[in-house]
Protein chains: 2
Amino acid sequence: MLCTSLAVFRQFLRREGTKSVLDAIDVAILAELQKDARLPNKDLAARVNIAPSTCLVRHRALRERGVLKGYRAEVDLGALGRPLQAVIAVRVRPHTRAVVRPFLDYVMELPETISVSHVAGPDDFLVHVAVADAVHLQQLVLDSFTSRREVAQLHTNLLFEHRVKARIPPTAQARSD
Amino acid sequence: MLCTSLAVFRQFLRREGTKSVLDAIDVAILAELQKDARLPNKDLAARVNIAPSTCLVRHRALRERGVLKGYRAEVDLGALGRPLQAVIAVRVRPHTRAVVRPFLDYVMELPETISVSHVAGPDDFLVHVAVADAVHLQQLVLDSFTSRREVAQLHTNLLFEHRVKARIPPTAQARSD
DNA sequence: GTTGAAAGCCATAATCG
DNA sequence: CGATTATGGCTTTCAAC
């Protein structure tokens, strides 16, 4: 009885477009694909203990629901001639929509940029960059940032080590098992 | 003649273990796989205008040379019940090896952590986190960070927008064409 | 929603240019 | 080093539970 009503409730949530209901198998699939996005469907199915065809349906559903946004190859920055990383904290003036969006677009176009965050805090933007060496970093800061009129203040933080997590778990509220 | 000697030189560089020599086709392959790591070999070959078998060899070589480090599925943080992101800037005391490494390990174990950077600057660490809401963020900061003895100072920056680049180009020095 | 089988297609390796 | 060809295996679809 309880099981039935829970199942009905889940279906209701899914029909309503709620993306946040993931059962144990969905979570396992997401974990495996975060570790290796190229894992063959057969192997993926074996790891999460379901049939390959079921796995295919689940995988496709996760994509269509927007839970899986894409698959990206991770490239060694040193091999690209960019062994040095930094986070450049930028404060712009004025901090208006007319300045923020063009600045984001501009920064994303720079070949050195890996990612940009627009943040609420003493600084307005955190720009993660990868460069060849200290000279390159200096050129980037001077030529591409401080030379711009809207850049009011800037702090450059050299990056010693950068760790990215291979598996981000859902919160308890986003699970249904 | 010139072409021959250039090819020989490239081969020499590759044999010597230099990771940094990428020709135009390698660059194109890396660009496509950064956009979609699950692109079938056949399609990848078509996009970079080489035969599928050649593409397979190139792709494998890039993996074995360490240029391609892995393939990761990108998951929607909102679907995981973590629609709110923040960058927590942490200063630790003392800033010694005995404190830094355990702190990095500790932070990476937190379910809220997406990535951690150990940086040189006024702050020692930048921790990128994803949480359910402001209450969750407050709990995280108080229970998992400021409660620790080595955490001397902390700034929480709410994240409005976060853009990640799909294609990071190699520097001119890392190309051979 | 899950399973199992069948068909088509792709990845892979060997061979040759 | 790159293209062509053949095969084994996987992805994918279908009907059935």
Side-chain angles (χ1 to χ4, degrees), chain A residues 1-30 32-33 36-65 67-68 70-71 73 175-177, chain B residues 1-30 32-33 36-65 67-68 70-71 73 175-177:
Chain A
M1 278 310 209
L2 182 61
C3 285
T4 306
S5 54
L6 266 174
V8 169
F9 179 61
R10 273 179 222 166
Q11 274 183 23
F12 166 76
L13 284 176
R14 290 194 182 179
R15 246 183 282 117
E16 295 304 302
T18 301
K19 294 181 187 176
S20 305
V21 179
L22 304 168
D23 66 13
I25 294 174
D26 288 329
V27 172
I29 290 173
L30 291 175
E32 292 300 329
L33 290 176
D36 180 10
R38 284 183 75 92
L39 196 65
N41 183 60
K42 193 197 177 191
D43 299 351
L44 179 58
R47 292 203 189 175
V48 302
N49 295 313
I50 56 175
S53 53
T54 308
C55 191
L56 204 69
V57 173
R58 291 260 194 175
H59 187 170
R60 186 186 301 148
L62 287 169
R63 248 181 290 148
E64 285 169 358
R65 285 161 66 192
V67 179
L68 276 171
Y71 313 91
R175 302 186 58 147
S176 67
D177 49 357
Chain B
M1 278 310 211
L2 182 61
C3 286
T4 307
S5 54
L6 267 175
V8 169
F9 179 61
R10 273 180 219 165
Q11 275 185 22
F12 166 76
L13 285 176
R14 291 194 182 179
R15 248 185 280 117
E16 296 303 303
T18 301
K19 294 181 186 177
S20 306
V21 178
L22 303 167
D23 66 13
I25 295 175
D26 288 330
V27 172
I29 290 174
L30 291 175
E32 292 299 329
L33 290 177
D36 180 10
R38 283 182 75 92
L39 197 65
N41 182 60
K42 193 194 177 188
D43 299 350
L44 180 58
R47 293 205 189 173
V48 302
N49 295 314
I50 56 175
S53 57
T54 308
C55 190
L56 204 69
V57 173
R58 290 261 195 175
H59 188 169
R60 185 187 301 149
L62 288 169
R63 248 181 291 148
E64 286 171 356
R65 284 161 66 193
V67 179
L68 276 170
Y71 314 91
R175 301 186 58 146
S176 68
D177 49 358

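Lettering follows sequence order; numbering is per chain, from 1. All figures in this text were calculated on a predicted structure; none of them were measured in a lab. The figures here come from the full heavy-atom set of this structure, side chains too, leaving out hydrogens, waters and symmetry mates.
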Axis bend over the full length of the helix from dG1(C)-dC17(D) to dG17(C)-dC1(D), computed from five pairs that close each end, to 10 degrees: 30°
Reported CD1-to-CD1 distance for the pair I29(A) and I50(A), which is rounded to 0.5 angstrom: 4.5 Å
With R38(B) via side chain to side chain contact (heavy atoms under 4.5 Å, CB included) - residues at least two apart: L33(A), H59(A), Y71(A), D36(B)
Inter-residue atom distance N41(A).CG - L56(A).CG, 0.5 Å rounding: 5.0 Å
Sequence-aligned protein contact record of nucleotides 10-17 of chain D, with B where the base is within under 4.0 Å of a protein heavy atom and S where only the sugar-phosphate is: SSSB----
V21(B) to R65(B) - nearest heavy-atom pair and separation: O-NH2, 2.7 Å
Closest heavy-atom pair and its distance - A73(B), A37(A): N-CB, 3.6 Å
Phosphate contact (dC1(D) OP1 or OP2) by R58(B) side-chain N/O below 4.0 Å: no
Interatomic distance, I50(B) CD1 vs dA11(C) P [rounded to whole Å]: 13 Å
Interatomic distance, H59(B) NE2 vs dC10(C) C1' [rounded to whole Å]: 15 Å
Heavy-atom pair of closest approach, residues D26(B) and D23(B): N-OD1, 2.9 Å
I25(A) to V48(A) - nearest heavy-atom pair and separation: CG2-CG2, 4.4 Å
Length of the CG-C1' vector between N49(B) and dC1(D), whole Å: 17 Å
